[in-house]
There are 2 protein chains.
Amino acid sequence: MDRAEKLSINDVARLAGVSKKTVSRVINNEPNVSPKMLKKVQSVIDEYNYTPSPQARALSLRRSFLLSIVHDNPNASYVTEAMYGALEICRPAGYELIMHPCDFSKPNAIDRIIRFASHLKIDGVILLPPVSESVELTSRLKEIGCNFVRLLSTKSEDEVHMIYHNDGAAVNRIVSHLVELGHREIALIRGPENSQAANQRFAAFRSALKNKGLELPKNRVALGGNTFQSGIECAEWLLMSKHRPTAIFASNDEMAIGAIVTAQKMGLKIPAELTVVGFDDSPQASRMWPALTTANLHVREMTELAAQKLIAQCSGDIDAAAQVRVEVEPTFVQRQTTDVPATSAENA
Amino acid sequence: MDRAEKLSINDVARLAGVSKKTVSRVINNEPNVSPKMLKKVQSVIDEYNYTPSPQARALSLRRSFLLSIVHDNPNASYVTEAMYGALEICRPAGYELIMHPCDFSKPNAIDRIIRFASHLKIDGVILLPPVSESVELTSRLKEIGCNFVRLLSTKSEDEVHMIYHNDGAAVNRIVSHLVELGHREIALIRGPENSQAANQRFAAFRSALKNKGLELPKNRVALGGNTFQSGIECAEWLLMSKHRPTAIFASNDEMAIGAIVTAQKMGLKIPAELTVVGFDDSPQASRMWPALTTANLHVREMTELAAQKLIAQCSGDIDAAAQVRVEVEPTFVQRQTTDVPATSAENA
DNA sequence: GCTCAAATTGACCCCGGTGTCAATTTTTCG
DNA sequence: CGAAAAATTGACACCGGGGTCAATTTGAGC
């Protein structure tokens with residue numbers, strides 16, 4: 001059915017014996033086209049399987065039909081989920097998706113993102129954490145008139161679109177679970193200090209413990225970098241201590257898995273001798289033994305929402321300009337790393 | 001430095017007091033521009049940070065400056081590696097990358113890919129296995145005049161561009177390793193029968209065993225689907241047998257990890273009681289305990305090559321039309337799942 | 001059947017680039 | 001110095017769409 005030569009609106013117009021403007025009206029479902037014309041044009045379109053050139057439309061309409069996900073990627077699965085979520089929405093809407101990884105720690109990172117967006121006239125950008133936490137970036141994006149939605153870890157007080165998972169609630173749920181299992185000596189492997197998400201999870205964790213009447217001494221908090229390797233190092237440090245914790249909560253799965261590997265190397269049985277909880281529900285969490293208890297953040301759904309919002313906004317939806325502020329409740333996923341009640345854990 | 005309003009070639013021409021054609025010459029580094037003009041135009045370009053509109057160029061040049069990776073994704077890490085490899089090349093060359101996942105088992109999958117490529121006038125497509133194995137797809141792509149390079153698991157006799165990892169060599173290396181460790185009862189978890197890659201790994205495995213004077217009875221070959229879950233099921237079947245194997249080779253990491261999880265659930269110690277080898281060197285292979293012995297396929301390098309080739313071809317490089325047929329040697333990566341010499345493994 | 005308003009259609013220009021080719025300027029050289 | 005050749009520059013059309021507005025057709029009302 002496809003011809004090798006892609007034909008243009010002019011070809012279609014000629015074949016149908018009408019002006020190109022009429023063809024344009026038909027493809028765009030504009031009103032005021034007589035049924036006769038419509039049928040004539042539509043049949044040519046169908047026969048030759050004509051689709052209008054995205055580049056030409058982009059040039060004429062000053063929009064690109066391009067959405068982009070901008071991310072600084074320590075966490076591949078988060079990004080992958082986001083990608084599939086966005087694609088789910090983009091495809092049927094006639095939008096394409098461009099993934100834009102970056103190294104956000106570089107000094108000119110924001111410049112590069114801005115140049116990228118304005119160069120391609122990207123219609124909308126979905127910002128993933130930690131890129132989404134930058135106020136400078138969002139204000140620069142506003143400056144150039146680029147739509148964006150932020151995916152965040154926690155509600156922010158800004159006035160700009162955001163979709164966030166309620167980390168606090170998830171952390172509470174996790175702490176309750178650990179306490180119910182009888183744990184009292186719970187350590188934290190937290191994320192980097194320049195990450196809002198990490199700071200907020202840390203705060204939520206500490207206050208959750210406090211509510212349970214538990215302490216969080218300094219030697220029970222290890223500072224990680226959200227990476228597997230840092231999980232290993234933090235766990236070594238935590239588990240070497242004289243009175244080692246009976247449970248570790250890592251503020252992402254990567255680090256939790258690093259901790260588990262460390263524990264296993266040391267010969268500790270999980271969960272019997274050490275209980276571990278992560279945060280993310282990455283694919284690996286369910287593909288290991290024992291499988292990791294964690295929190296699923298519904299990144300995919302969040303990104304679908306973000307893409308919908310952006311596309312609606314581009315299409316000039318009346319109320320699409322309204323501020324977006326959606327909260328998504330993470331789901332607690334219990335697996336084998338928290339399968340066994342705490343033991344007294346008297347160790348050397 | 002960036003103005004909110006992106007200016008066009010006409011603006012630059014006006015500001016520099018020259019014709020737009022001259023500006024065009026400068027941006028494209030065309031010869032026959034006097035130094036005086038060049039300086040005048042360049043300074044305006046620099047001052048206003050002008051970049052030509054990709055959409056307009058696309059329309060005029062009939063190319064999109066878009067590359068795409070088309071894949072049917074059972075294996076997220078393979079795809080991710082490919083993505084980063086391609087981006088590495090695309091970015092500096094001024095190309096953008098569009099990821100195009102698809103469900104290749106659907107009847108109209110090829111139509112959709114063709115429509116995608118011709119609609120967006122994609123300049124070049126990188127096909128990942130198993131999509132890359134389809135002769136119909138490659139011939140359709142040729143029909144519409146779309147450049148492509150295939151990433152394959154093994155050399156193919158076709159006349160079309162391919163970059164492949166020499167699976168046979170890697171499988172040999174793995175088998176030698178297992179035999180050196182003293183294993184004689186080696187089982188295979190193979191991939192699906194409609195996958196050339198899987199069939200070839202199977203064949204390579206069997207002939208490697210044969211060379212070592214070893215048998216591969218039917219009850220030592222489990223048919224998996226390249227997924228974690230199928231790895232679990234295959235391992236259950238293999239390990240339930242009366243005389244269970246001392247080593248399992250899975251033809252991808254996903255299934256190998258499924259096998260490991262199964263063994264661990266059954267209480268088998270790895271590698272002491274069961275040795276396991278995978279194939280892919282996925283991120284998880286090195287993020288578990290014991291870490292998985294496997295083969296690294298250098299997907300990233302392969303994809304970089306593919307992207308380079310495609311871009312060269314688009315740019316009208318004289319010898320870029322030449323057929324590409326690159327072999328990449330996988331690297332054997334020994335980790336803890338093959339750390340211990342085979343024991344006699346006398347089991348119930 | 002006629003008038004006037006409403007609906008339909010199309011001519012023409014623009015979007016922001018590039019290619020062609022003619023016009024202009026600079027060089028070369030007798 | 002003058003003519004021809006070479007180098008440089010720009011006018012204009014085109015890529016494939018959409019917007020504007022005038023021209024044409026259709027329909028309503030009498």
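As a basis for the values below, the full set of heavy atoms in this structure was taken, side chains included, without hydrogen atoms, waters or symmetry mates. In what follows, chains are A, B, ... by sequence order, proteins preceding strands, each numbered from 1.
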Note to self: Using the side-chain contact (heavy atoms from CB on, under 4.5 Å) criterion, which residues pair with E96(A)? Sequence neighbours excluded.
What the structure shows: L66(A), I98(B), F116(B), L120(B)

Margin query: I'd like to know if the side chain of N28(B) and the backbone of S24(B) have a donor-acceptor N/O pair within less than 3.5 Å.
Written below: yes

Note to self: Between S132(A) and L151(A) (side chain of the first, backbone of the second, donor and acceptor by atom type, cut-off under 3.5 Å), is there such a pair?
What the structure shows: yes

Check: Would a distance-only check, ignoring hydrogens and angles, find a side-chain to backbone donor-acceptor pair under 3.5 Å from R325(B) to S156(B)?
Finding: yes

Next item on the list: Return yes if a side-chain donor-acceptor contact under 3.5 Å exists between Y95(A) and R63(A), otherwise no.
Entry: yes

Margin query: Below the 4.0 Å mark, does dG10(C) have OP1 or OP2 next to a side-chain nitrogen or oxygen of T22(A)?
Written below: yes

Margin query: Angle between the end axes of the helix from dG1(C)-dC30(D) to dG30(C)-dC1(D), five pairs per end, to the nearest 10 degrees?
Written below: 40°

Notebook entry, point to check: Just checking, is any N or O donor in the side chain of T80(B) or S77(B) under 3.5 Å from an acceptor N or O on the other one?
Noted result: no

Margin query: Strictly under 4.0 angstrom, non-hydrogen atoms only: write out the protein contact profile of nucleotides 16-27 of chain C, one letter per nucleotide from the 5' end, B, S or -.
Written below: BBBBB-------

Notebook entry, point to check: Can you check the N32(A) CG to dA5(C) P distance for me, whole Å?
Noted result: 18 Å

Notebook entry, point to check: Atom CZ of F65(A) to atom P of dG16(D): distance rounded to whole Å?
Noted result: 18 Å

Check: Do the non-hydrogen side-chain atoms of Y78(A) and P129(A) ever get within less than 4.5 Å of each other?
Finding: yes

Note to self: Taking L67(B)'s backbone N and O only, do any of them form a donor-acceptor pair with D123(B)'s side chain (distance below 3.5 Å, no angle check)?
What the structure shows: no

